[in-house]
Amino acid sequence: MKYIALIYSNEAKDPTPGSDEFSAMITQYQSATNTFINDGVMVAGDPLESVNTATTLRSRNGNLDTIDGPFAETKEQLGGYYIFECDNLDDALKYAAMIPSVKHGSIEVRPIMNIPEG
Amino acid sequence: MPSPSSTPIYFEVAIQKIVREEWGYLVSSLISLLRDLNLAEDALQDAVEAALLNWKKDGLPKSPKGWLLKTAKRKAIDRIRRDKNFASKANDIKLLSEQNNLPKESEFAVPDERLRLIFTCCHPALDHKISVALTLQLLGGLSTAEIARAFLVKTETMAQRLVRGKRKIKQSGIPYIVPEKEIFAERLDAVLSVLYLIFNEGYSATSGRKHIRIELCQEALRLSNILYKLCPEEPEVKALLSLMLLHDARRIARFNNKGDFISLEEQDRSLWVRPQIEAGLSLIEEALKMGEIGGYQVQAAISAIHSEAKTFNQTNWHEIALLYDELYKINATPVVQLNRLVAKSYITSARETLDALNMLKPTFKDYQPFYAVQADFFKRSGDLKAAKKSYLRAIKLSGNTKEKEFLERSLNKILT
C-alpha cells in the first residue's frame, strides 16, 4: 500500500535558513530520507515553499476565483510530504515517526487510494 | 418431561450462548483464513443461521465450534461466488477450497487468533469509542443493539460507529498481527485501556439499567481473562485482571436496595465476594513479583489493600499513600493527586491536609471531585459551615444523578 505522510508545522517557529538549527534539521532530514531509501519504502518526498507562496483556486458557476493564500488559515501549515510504499499502517507509522518534524510539528498519515485498473 | 432440546426457545438460547462464547475465537480464525473482516463476520453469521436450523433437527454436533468454522468457510466460498466480481475472485476460491488445513470437526485445533484481533480492534489509530465497540462486537460476540443499549446510544449510531471502524481498519491498512517487540508494550497498553474503559463503563454506573451495567463488567472480566490466557507473562495484564476482580468483588456492597451509592467507608464488608478477592490478590502478588512496575499493578495493589482491611478504620493508609506516590510518577493526573491527599488525610488528619488540598485549588477549577473531597475534609475537621458550601458546589458541578444524590445525602447528614 502507498501512504502519504503530510508534514505540518508552524512556519513562524521553524528554524530560519542559515542558522545552526536549520542545518541540523537538514542533516536530520537527509538521514531520515536515506533510511527510507535503504529500507526500500521511499516513493517520493519533497519540502514545499512557504505557505505565503500558496495560491488557492475555486470555480463556482463558471467563475474562477484566484485567491492569495492557503485554503484555510491554520496554526500549523503543510510544509512537505513523503510517500511510502509499506505493507500496512504499522510500517507506515514507523517510518512517519522518523520524520524530524514529528518532534515539533504533526505528521498526518493517510493511505493513498488504490484505483483498480481496467 | 420434555427434554431441553425439544423446547425451541431453550435450544435457541443455548445456541446463542455457545455462539457468543466462541464468537471471538471463530471470527478471528476466519479473518486469518479469509483476510477479510466483513466477509468473516458475514460468513459466520450465515453459519449461525444454518446451525439454528440443523442443530434443532439433528442435535448438537460433537464440536459446535468445529461445525461452525467448517460451515462458515463454506458459506464464505458461496458469498465469494455470488459476488459480482466473481472472475477476479476465482483464485481466492481455489485457494480456500484447496486449504485442507482444517482438521475434522472432532479434532478441532485451529490456532487461537484472538490476540491478533484484540490488537487490531484496539489499534491506537482508532478512536477509543470505536475500539470499545469493535472489541465488544468482534471478541465479545455482542450484537450492535446490545452494545448500543450498554452505551445509551441509538442502535443506528452504534452501527455507524462500527462501520466507520471497520472501514478504517480496511482502508488504512491496520494490520492483523500481534505487534512487533519494539511497539508491543505501547500497543498492549492501548488494549488494556480499552478493556478497562469497558469495565468502568459498567462499574461507575452513572446511568442505565442495572443488569446491562453488570453485563459490561462481566464482559470486561471475560475479555481480560482471555487476554490473560493469551499473554500469561505480562504483569500489567495480570494486574488489570486483578484490579477488575477486586473492584467487582465489592460491587454488591456499593449500592443499597434502593440503588443508592454507598461509600467505601460505609459498605458492609461481609458482602464482598471473598473467593474473588482471593483470586485478585494472588494475581497481583504474582504480577508484582515480576519486578516491572506499571500503572495497573499500582492500582490493583491499592485495591488489594482496601480488600484486605477488615474494617475501614483498619485500612493501611500509609501503604496506600506510598502507592499513590508511585502511581503519580506513572500517571500524573488530578484524580491521583486528590486520592493521594485523601490517603494522607487518614494518616495525619483532615485538618492538616486541608492546606495542601487548598493549594491545588487553581488546578481544579470546576472539578467536582475536588469539592467533594474538600467538603469531606471540612466535615472531618468540624467546620460544617465550610463543608456545606463545598458540598453545594460539588452538587452543582455533578453531572450524574447517583453521584448528586450521594452528595445530597452527605450534605443532609451534616445539616441534621
Side-chain angles (χ1 to χ4, degrees), chain A residues 1-9 28-29 31-45 74-76 78-118, chain B residues 28 31-32 34-40 80 83-92 113 115-128 130-131 134 138 163-191 194:
Chain A
M1 279 179 83
K2 281 199 184 67
Y3 292 88
I4 189 162
L6 301 162
I7 304 161
Y8 290 90
S9 66
Q28 285 167 18
Y29 262 97
S31 137
T33 305
N34 283 339
T35 307
F36 304 153
I37 294 168
N38 292 336
D39 286 8
V41 295
M42 178 86 173
V43 177
T74 46
K75 267 192 201 149
E76 293 186 317
L78 182 62
Y81 73 97
Y82 280 100
I83 293 176
F84 301 131
E85 174 69 52
C86 289
D87 284 347
N88 57 49
L89 183 65
D90 277 1
D91 283 348
L93 293 177
K94 182 174 91 184
Y95 289 108
M98 295 177 194
I99 299 172
S101 296
V102 77
K103 294 199 187 89
H104 57 269
S106 313
I107 315 289
E108 179 180 328
V109 178
R110 282 170 69 173
I112 291 180
M113 198 188 272
N114 180 22
I115 299 170
E117 286 169 42
Chain B
S28 60
I31 298 169
S32 277
L34 303 167
R35 307 248 152 243
D36 185 328
L37 199 158
N38 290 319
L39 180 61
I80 297 171
D83 197 315
K84 277 184 216 136
N85 310 314
F86 174 64
S88 65
K89 301 272 175 73
N91 279 332
D92 293 357
E113 304 284 17
L115 197 53
R116 293 186 192 209
L117 187 55
I118 293 180
F119 278 107
T120 303
C121 290
C122 302
H123 195 281
L126 296 166
D127 182 80
H128 256 53
I130 291 180
S131 290
L134 286 172
L138 292 170
V163 166
R164 195 146 54 94
K166 286 170 200 167
R167 202 178 288 150
K168 174 135 191 202
I169 290 174
K170 191 171 179 168
Q171 291 178 340
S172 71
I174 290 178
Y176 190 61
I177 50 171
V178 175
E180 291 168 26
K181 233 195 205 150
E182 299 85 60
I183 51 168
F184 186 84
E186 170 205 330
R187 292 292 166 85
L188 183 64
D189 207 44
V191 171
V194 167

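Naming: A, B, ... by sequence-line order, numbering from 1 per chain.
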Can you name the nearest heavy-atom pair linking B:Q171 to A:M1, along with the distance?
O-CE, 3.2 Å
Does A:D90 have any salt bridge (Lys or Arg N to Asp or Glu O under 4.0 Å) partners at least two apart in sequence or in another chain, and if so, which?
B:R187
Just grab all the side chain to side chain donor-acceptor pair (under 3.5 Å) pairs involving residues 93-102 of chain A, residues at least two apart or on different chains.
A:Y29-A:S101, A:D39-A:Y95
Residues 175-183 of chain B: residues contacting chain A (heavy atom under 4.5 Å, by number):
B:P175, B:I177, B:E180, B:I183
State, to 0.1 Å, how close B:S172 and A:P111 come at their nearest heavy-atom pair, and which atoms those are.
CA-CG, 3.5 Å
Quick one: list whatever passes salt bridge (Lys or Arg N to Asp or Glu O under 4.0 Å) with B:K166, sequence neighbours left out.
B:E41
